[in-house]
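In each ligand, atom 1 is the first atom listed, and ligand 1 is the first ligand listed.
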Amino acid sequence: MMANGDSPTYLNYVRGKWMRSHTGEVEASINPANGREVVGFVQNSALPDLDEAVQAAADAQKAWKRLAGSVRGDYLFKAAAILERRLDEVATAMTKEMGKTFAEAKGETARGIAILRYYAGEGMRPVGDVIPSTDSEALMFTTRVPLGVVGIITPWNFPVAIPLWKMAPALVYGNTVVIKPASETGVTCAKLIKCFEEAGFPPGVINMVTGSGSVIGRGIAEHPGIHGLSFTGSNAVGKTIGQAALARGAKYQLEMGGKNPVIVAADADLNLAVEATISGGLRSTGQKCTATSRVIVHQDVYEPFKQLLLDRIGQIKIGDGMMDDVWMGPCASERQHDTVLAYIRKGIEEGARLLCGGGHPQGRGYAEGYFIEPTIFENVTSDMTIAREEIFGPVLVLMKVESMEQAVQLANDVEFGLSASIFTSNIGAMLGFIQEIDAGLVRINAESAGVELQAPFGGMKHSSSHSREQGRAAIEFFTAVKTVFVKS
Ligand code: NAP
Ligand code: MG
């Protein structure tokens, strides 16, 4: 870290050393609550920087994969303890870089620590099966080997949890890593890498190269020295990464967008449903891949639900996420802010009715930040852009239905299938929903945005490459199976 004016400059981390990019260029990381504040500068790297990182990871992999899993796990336990000591520092960087409230940032960092510990334990868990051979004198079993060098490309919305839920399993199963974080959150990632450095990981096992997606991200996707690619981000980028990986025979995993519905049945607990809609839809300013986006309400409870929702939304305090009383921070960047406003305009143009919000909040403290009011539309039909595309902002669309069948049919009428939730007290409706909904995460009487690190996570349809992350599912991606037949 070097001083550059008042804001520190963060370097790449390659072969155990903090390195400047060969380009000599840096990129500013901006605080979205105050667009004039530079949180830090990160390296704007080029392909020679990436090549060095991949070579370092390849060199380190030979010895790393030979260690016992428990020894690799011990390194993760150490990194967890260091991150725990630095929780406030890392969470502060997160809030300042991408705007989520400090409480949420601390919660995410705590989850990151739990992720490290969960995967540290994986170093001692079984990796294969013994399968009876038809030859009674033979032993047949499966074992697993690492992929080699893994490339990790991550978005800005969970700048601690997502890098960790990819890096931790990659490492414990014997891979080495090259990570490119989102440009918006390079500082937070550098602080995470610092924890790994202090934990004493051998040089080259973990490498970080910051830079633009079109250069370093694409470079990772196309690099012949990278054997596995794990990506979380938008569908548009994910598709190009999948194609590049497929073309050169690399393993890949894509976690992408959502357009997540909540269904409110006539027999729902309306207070619970409203709380979950607010929390699922608007926490992190609606910038979760699992955020509630479409609110599908039975006509019998539509009016009371709408009224409760509007009352509750009126109480939301928007502002700088570092302030104690703020519940919702800004959009993560100016680009994101402008995209969300463009979707709101599109909703109005296409004939939806704006119930509240719809713009940049007025008043002191908002002028320099990328804030948007919590926004609700009604009279929304399935063919409207705001009902089809991921907005990734504090925008909810209300849709009224006559029956549960119609509700599920509407819920499924999008190209995404990440998370879906229903509020009902009817067991038949719950079971029908579990069967019929196109979603990788099915949530009953709970908001769409809950994820537990020990359970598989991933989507159906265009939301993922049909792979799963987290929990024990991670072993499927980060290792290859060998079926072994032994005869003496
Ligand atoms: P994004 O634009 O797709 O960026 C994601 C990552 O890809 C960033 O590191 C980005 O680098 C990089 N990238 C950009 N262009 C690239 C290219 N041509 N080749 C390779 N890499 C490239 O997504 P985002 O705006 O950061 O994140 C929001 C999206 O992530 C949403 O769609 C959201 O639903 C999705 N998301 C999904 C999940 C999930 O688990 N399903 C979780 C969180 C977020 P730069 O930052 O330098 O552009
Ligand atoms: Mg920023």
On the 0 to 90° scale, with breaks at 30° and 60°, tag the F371-Y366 ring pair as parallel, tilted or perpendicular.
-> perpendicular
Please determine if K288 forms a cation-pi arrangement with F158, meaning its NZ or CZ atom is less than 6.0 Å from the six-membered ring centre and no more than 45° off the ring axis.
-> no
Does atom CZ of R218 have more than 12 heavy-atom neighbours from other groups under 6.0 Å away?
-> no
Take atom NZ of K461 as the centre, draw a 6.0 Å sphere, and report whether it contains more than 12 heavy atoms from other residues, nucleotides or ligands.
-> yes
Those protein residues which place at least one heavy atom below 4.0 Å from ligand 1 | I153, T154, P155, W156, N157, I162, K180, P181, A182, S183, E184, G211, S212, G213, G217, R218, F231, T232, G233, S234, V237, I241, E255, M256, G257, C289, E390, F392, L418, F457
With sequence neighbours excluded, tell me which residues meet side-chain hydrogen bond (donor to acceptor under 3.5 Å, both in side chains) with Q243.
->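 For Q243, no residue satisfies side-chain hydrogen bond (donor to acceptor under 3.5 Å, both in side chains) once neighbours in sequence are set aside.
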Can you check whether F201 and Y75 have ring centres sitting under 6.0 Å from each other?
-> yes
